[in-house]
Number of protein chains: 2
Amino acid sequence: MEVLGGKWKLAIVKVLLTGTHRFAALQRALPTITPRMLTRQLRELESDRILRRTVYAEVPPRVEYDLTELGAGLAELVEWLDRWGREYRKVRA
Amino acid sequence: MEVLGGKWKLAIVKVLLTGTHRFAALQRALPTITPRMLTRQLRELESDRILRRTVYAEVPPRVEYDLTELGAGLAELVEWLDRWGREYRKVRA
DNA sequence: CTGTATCCTCGTGGATACTG
DNA sequence: CAGTATCCACGAGGATACAG
């Protein structure tokens, strides 16, 4: 939970489960996140080896994010949580 | 994550997966939790229908906590997270 | 395009002491 | 036994502006 507990962490993982994304693409996928929060959560996920950050020395700059094997192993968890969340809303309603 | 995100929530669920517990028993199972935090997390889990609180009108007072069906449905998640946590520690080491 | 820098609010969580 | 009451520190998260 220390690794996954950030407000946007699992949301980011979920997006990256659909493939490699650039910074701006993640912003589009998470419309309400601020650049500051996106950077922070990405850096933490990187240092926890959930994802990889690849910088291409180009102009304009290009940076790509994709899941490591460790991160990809979270696929089941994300699905499980999605299902449980739906069940939860049903029961609580 | 809003429901499960408290610092002690999943730990409490994990204990209750082994059966009904009283307040003091939960304290013993979670040696570093303060009574204040235990109360708060229990009340939140109760209002989210993850567990049930049963008060017996006796002296001395007796209060028992046990999982609802919704809460019991978290068993898989807890196991999954345990496994992933171990894997995580191995890979990160 | 991919971020930093600054400033600020708020809530979580902890310490400690006390109570019906 | 099963909590409350108070007080406090810290940091996560957000708003806004700016930069290489």
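Note that this is a predicted model, so its numbers are computed, not measured.
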Enquirer: Ignoring backbone atoms, test whether B/Q27 places a side-chain nitrogen or oxygen under 4.0 Å from the OP1 or OP2 oxygen of D/dC1.
Expert: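 Result: no.
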Enquirer: Could you tell me how far apart B/R22 (CZ) and D/dC1 (C1') are, to the nearest whole angstrom?
Expert: 7 Å
Enquirer: Output the single nucleotide from C/dT4, D/dG14, D/dG3 whose closest atom is nearest the side chain of B/Y65.
Expert: D/dG3
Enquirer: State which of C/dG14, C/dT4, D/dG3 makes the closest approach to the side chain of A/P35.
Expert: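 Nearest to the side-chain atoms of A/P35, counting from C-beta on, is C/dT4.
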Enquirer: Using atom CZ of B/R28 as one end and atom C1' of D/dC1 as the other, report the distance to the nearest whole Å.
Expert: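 In whole Å, D/dC1 C1' and B/R28 CZ are 11 Å from each other.
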Enquirer: Classify B/R62 by what it touches in the nucleic acid, base, sugar-phosphate, or nothing, heavy-atom distance under 4.0 Å.
Expert: sugar-phosphate
Enquirer: Between A/L26 and A/Y56, is there shared hydrophobic-cluster membership here, with clusters defined by ILVMFWY side-chain heavy atoms closer than 4.5 Å?
Expert: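 Not linked; separate clusters.
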Enquirer: For residues A/W8 and A/L38, determine if any side-chain heavy atom of one lies less than 4.5 Å from a side-chain heavy atom of the other.
Expert: no
Enquirer: Using OP1 and OP2 only, check whether a side-chain N or O of A/R43 sits under 4.0 Å from C/dT2.
Expert: no
Enquirer: Check the distance between C/dT12's P and B/L42's CG and give it to me in whole angstrom.
Expert: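 Rounded to the whole Å, the gap is 16 Å.
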Enquirer: Classify the nucleic acid contact of A/R36 as base, sugar-phosphate or nothing, counting any heavy atom under 4.0 Å across all strands shown.
Expert: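 Contact class for A/R36: base.
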Enquirer: Picking from C/dG13, C/dC1, D/dA2, which would you name as closest to the side chain of B/V63?
Expert: D/dA2
Enquirer: Check the pair B/R53 / B/R43 against side chain to side chain contact (heavy atoms under 4.5 Å, CB included), numbers first and verdict last.
Expert: CA-CA 9 Å; B/R53 179 170 179 268; B/R43 294 291 149 86; 3.0 Å; yes
Enquirer: So what does B/Q41 hit on the nucleic acid, given a heavy-atom distance under 4.0 Å: a base, only sugar-phosphate, or nothing?
Expert: sugar-phosphate
Enquirer: From B/M37 CE over to B/L42 CG, what is the distance, rounded to the nearest 0.5 angstrom?
Expert: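 Reported value, rounded in 0.5 Å steps: 10.0 Å.
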Enquirer: Rounded off to whole Å, could you give me the CG-to-C1' distance for the A/L30 and D/dG14 pair?
Expert: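 Taking CG of A/L30 and C1' of D/dG14, I get 15 Å after rounding.
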Enquirer: Between D/dA15, C/dG3, C/dG20, which nucleotide gets closest to the side-chain atoms of B/P61?
Expert: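 In terms of side-chain proximity for B/P61, the closest of D/dA15, C/dG3, C/dG20 is C/dG20.
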Enquirer: Atom CD of A/E44 and atom P of D/dA12: how far apart are they, to the nearest Å?
Expert: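 It works out to 7 Å between those atoms.
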Enquirer: If you check the B/T39 side chain, which of D/dT4, C/dT2, C/dT16 turns out closest?
Expert: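 Looking only at heavy atoms from C-beta outward on B/T39, the closest nucleotide is D/dT4.
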Enquirer: Could you tell me how far apart B/L38 (CG) and D/dT4 (P) are, to the nearest whole angstrom?
Expert: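 One finds 11 Å between P of D/dT4 and CG of B/L38, rounded.
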Enquirer: Any side-chain heavy atom of B/M1 sitting closer than 4.5 Å to one from A/L10?
Expert: yes
Enquirer: In whole angstrom, give the distance that lies between atom CG of A/L26 and atom P of C/dC1.
Expert: 14 Å
Enquirer: A/R53 has an atom CZ; how far is it from atom P of C/dC1, in whole Å?
Expert: 16 Å
Enquirer: Between B/I33 and A/P60, who's closer to the 5' end of DNA chain C by nearest nucleotide?
Expert: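 Checking each residue's closest nucleotide, the 5'-ward one belongs to A/P60.
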